[in-house]
Amino acid sequence: MDPRLSAGYITIDLVAIQKNYQKLLSLMEANDCAAVVKADAYGLGAQMVAPALHDAGCQKFFVAIPEEGVALRRILPDVEIFILGGLFPDCEEVYVHERLAPVLNSLEEIETWSKLTQSHGPLPAIIHIDSGICRLGLLEADVNALAANPGIMDGIEVEYLMSHLASADDFKNPQNQEQLDTLTGLIAKLPEGLRNTPVSFANSSGMFHGTDFRFELGRPGIALYGANPTPHLENPMLPVVEWQGKVLQVHDVDSGKPVGYGATYRTSKRSRIATVSIGYADGYFRYLGNKAEVSINNKRVPVVGRVSMDMITIDITSLDEGECERGDLVYLIGESVTLDYIAEKAGTVAYEILTSLGQRCHRRYLDAGA
Ligand SMILES: *Cc1c(COP(=O)(O)O)cnc(C)c1O
């Protein structure tokens, strides 16, 4: 589509993603780092993002569901693809055919995958241990059962043991150390042949908890895409996403006038209000009305009134004449307005902001050639 017809622009910096990957990989020292590209690479477009990560040296990819794995296999024929959601029922043959390695979350999944090796030969997988998030993975009773009957995993090439942190972004939370202790305790109870299997434990934030948490394979997602994995410190990652809307109209408004649905904002003096072409249908959360700021010419101005489906209104009274006119672009994310700032203002996390970005903005990808 012609970009002039779009609601706005989303710029995705693939070089920044590559540099972020290399930074995370360097934390792993002699060990390896995968990339999590589930949910269409957190909404940024796995078709573009995954090959860029591959060019940066990434050989191992995690997605959530088999459909994402099949799509990724079409673009990257030679990489390892792991399915976090596990072995989905009734489609095991697709995993074999597409060389998708399941993260085996239960004894039942282990047995099913093992049975397939009888007809297909050895098959790769990850075994997931639940160390305290209570979502997916083997609990202590399952680990004991596996230790008592290791034959149920015959034929499976267990590449990694895996576990997932529940509170990794909260660096003071004792749950992090508790999960690490639980994991090492459970690994010691595994069948002997599994105890020395390499481990993947840390997501983005987990990788910043120190060497004890890193093990043999990092498993970052959000830090690749520019959010801060260390919220108590300055962001060590490069920003990846810029988001711009178009000024559709500028109004000079008298003091005391209501702005937007429900008249939730009223001008307190003679004001200039600009209407911008982005709304909640584009992923600009309705909760941001009267809360967030946008940036124009490196100056911040407030979003006033409710967020509509297709528009927001911003108060540009503080700007100089001519700094914000019809057709100009406004940063919803960019300049000093960060992804993490918008997430915080919207009462959510960067993950939800990225995966909510709509399809009405023209997407531009910056690569090394750009
Ligand atoms: C999504 C996910 C990740 C990546 O987490 P980030 O916080 O984005 O780094 C890693 N492991 C599992 C199991 C996940 O579901």
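Atoms within a ligand are numbered from 1 in the order they appear, just like the ligands themselves.
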Sorted by chain and number, sequence neighbours left out, side chain to side chain donor-acceptor pair (under 3.5 Å) with T230 holds for N228
Backbone of R73 reached by a side-chain donor or acceptor of E98 within 3.5 Å:
no
Sub-3.5 Å donor-acceptor pair from the side chain of R195 to the main-chain atoms of K189, do we have one?
no
Any ring pair (Phe, Tyr, Trp, His ring centres under 6.0 Å) pairs touching residues 273-311, not counting sequence neighbours?
W243-Y284
Is it possible for you to check whether R364 lies under 6.0 Å from the centre of the six-membered ring of Y9, through NZ or CZ, and within 45° of that ring's axis?
yes
Which protein residues have a heavy atom under 4.0 Å from ligand 1?
V36, K38, Y42, L84, R135, M162, H164, N203, S204, R219, P220, G221, I222, Y351
Side chain to side chain donor-acceptor pair (under 3.5 Å) with T264: which residues, sequence neighbours excluded?
N290
